[in-house]
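Heads up: the structure comes next, in structure tokens.
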Amino acid sequence: MGARHLITPVTIGAVLVALYAWVGTLELDSIEQRSLNQAVILAKAVEHIQMTVAATTLVVIIAIPLGIAASRSRNRLITPVILTVGNLGQAVPSIGLLVLATFLMGVGFQTALVGLVAYAVLPVLRNTMVGVQQVDPALIEAARGMGMTKGQILRRVELKLAVPAILAGLRTALVLTVGVATLGAFVAAGGFGELIVNGLKLNRMPVTIVGGVLTACIAFFIDWLGGLAEDLLKPRGM
């Protein structure tokens, strides 16, 4: 791991230390103390990460197969339909998606998951489609000449060469999901959004600031992990 890879985690660590020191200088009232203690912050961090990981896992399961289907010339008639469905999540405001999901499913973790998945599908879907389409046709012909089946060409050639594009889309989706997960507070799904919302409602700015800074730190850390994954998993020579 080079020095450039250490800049982000070191910066995040410095921000967290500075935040801790700043909160330590404040005279917190009873309401702030109930929100800004180790147990609550750890619980909210776990909830936030759980939402992000669960939503991203579902996005991968849904978006990559759809992206592969949309990349096929034989599916050109349904490709616009796939892209339109993928675009819906970002065309509709996130809070609107959560409201619609709440009417159908009530409040809770699963409702937040629906909104997060709908919002994060597009980057992975589009990048998978573009990554597969950009594979050199000569390489595909060479693979056919070696006797590979269509499935083998897809797994061993097209998807391997599309890895950088897919990972870039996944990295974008992860960061978007971390930010949008704060809206889970409105459907009782937990996460750092509860600190932000409660701080605003109760006019307790330290609570809001802590929730916002911790959310940003998670987003930057996940983006850093995504960058490492891109460097490690991309095919050699690319």
Side-chain angles (χ1 to χ4, degrees), residues 5 8 12 48-73 75-76 78-101 109-135 154-155 157-184 187 189 191-193 212 215-235 238:
H5 288 118
T8 297
I12 292 172
H48 208 100
I49 293 171
Q50 282 178 336
M51 279 191 283
T52 301
V53 171
T56 304
T57 301
L58 290 175
V59 165
V60 169
I61 293 171
I62 295 168
I64 291 180
L66 285 178
I68 293 170
S71 71
R72 296 312 192 205
S73 57
N75 295 332
R76 60 182 177 274
I78 66 169
T79 295
V81 176
I82 294 174
L83 291 176
T84 299
V85 172
N87 272 306
L88 284 177
Q90 294 198 1
V92 179
S94 303
I95 192 66
L97 280 173
L98 289 177
V99 170
L100 291 174
F109 181 83
Q110 292 181 337
T111 302
L113 213 55
V114 169
L116 293 176
V117 170
Y119 193 77
V121 158
L122 183 61
V124 181
L125 168 60
R126 186 171 290 280
N127 277 40
T128 300
M129 177 182 169
V130 171
V132 173
Q133 287 177 333
Q134 287 182 344
V135 174
L154 174 64
R155 293 191 303 272
V157 179
E158 292 177 294
L159 285 180
K160 279 191 175 181
L161 294 176
V163 162
I166 295 172
L167 288 176
L170 186 58
R171 184 178 178 181
T172 301
L174 276 165
V175 175
L176 287 173
T177 302
V178 171
V180 177
T182 57
L183 298 179
V187 292
F192 286 131
T215 300
C217 286
I218 289 179
F220 278 111
F221 183 70
I222 286 179
D223 183 66
W224 174 73
L225 289 178
L228 286 182
E230 286 185 27
D231 289 343
L232 293 173
L233 298 179
K234 69 181 179 181
M238 292 187 68

Thr182 side-chain N/O to Gly179 backbone N/O, donor-acceptor pair under 3.5 Å: yes
Ring pair (Phe, Tyr, Trp, His ring centres under 6.0 Å) against Tyr119, all qualifying residues, sequence neighbours excluded: none
Pairs where residues 167-180 contributes a residue and the test salt bridge (charged side-chain N to carboxylate O under 4.0 Å, His left out) is met, not counting sequence neighbours: Arg171-Asp223, Arg171-Glu230
Side-chain touch Leu161/Gln134, heavy atoms, less than 4.5 angstrom: no
Exercise: identify the closest heavy-atom pair between Ala69 and Ile82: CB-CD1, 4.3 Å
Closest non-hydrogen atom pair between Ala112 and Gly184, with its separation: CB-CA, 4.3 Å
Any side-chain heavy-atom pair of Val85 and Leu125 under 4.5 Å: no
Non-hydrogen atoms of Val132 and Ser71 that approach each other most closely: CG1-OG, 3.4 Å
Donor-acceptor contact below 3.5 Å, side chain Thr128 vs main chain Ile166: no
Shortest non-hydrogen contact between Ala162 and Gly131, atoms and distance: CB-C, 3.5 Å
Residue among Val121, Leu122, Leu176, Leu116 satisfying side chain to side chain contact (heavy atoms under 4.5 Å, CB included) with Val59: Val121
Euclidean distance, Thr177 OG1 relative to Ile49 CD1, rounded to 0.5 Å: 13.0 Å
Over 12 non-hydrogen atoms of neighbours within 6.0 angstrom of CZ in Phe109: yes
Residues Arg126, Asn87; criterion side-chain contact (heavy atoms from CB on, under 4.5 Å); working and verdict: CA-CA 10 Å; Arg126 186 171 290 280; Asn87 272 306; 4.1 Å; yes
Shortest non-hydrogen separation from Ala229 to Leu167 and the atoms involved: O-CD1, 3.7 Å
Which atom of Leu174 lies closest to which atom of Ile222, heavy atoms considered: CB-CG2, 3.5 Å
Note, Ile12 side chain near Trp224 side chain (heavy atom, < 4.5 Å): no
Of all pairs that satisfy salt bridge (charged side-chain N to carboxylate O under 4.0 Å, His left out), the ones with a partner from residues 59-71, not counting sequence neighbours: none
Test log, rule side-chain contact (heavy atoms from CB on, under 4.5 Å), inputs Met129 and Thr79: CA-CA 10 Å; Met129 177 182 169; Thr79 295; 3.7 Å; yes
Interatomic spacing from CG in Leu170 to OG1 in Thr56 - rounded to 0.5 Å: 6.5 Å
Euclidean distance, Ile78 CD1 relative to Arg72 CZ, rounded to 0.5 Å: 12.0 Å
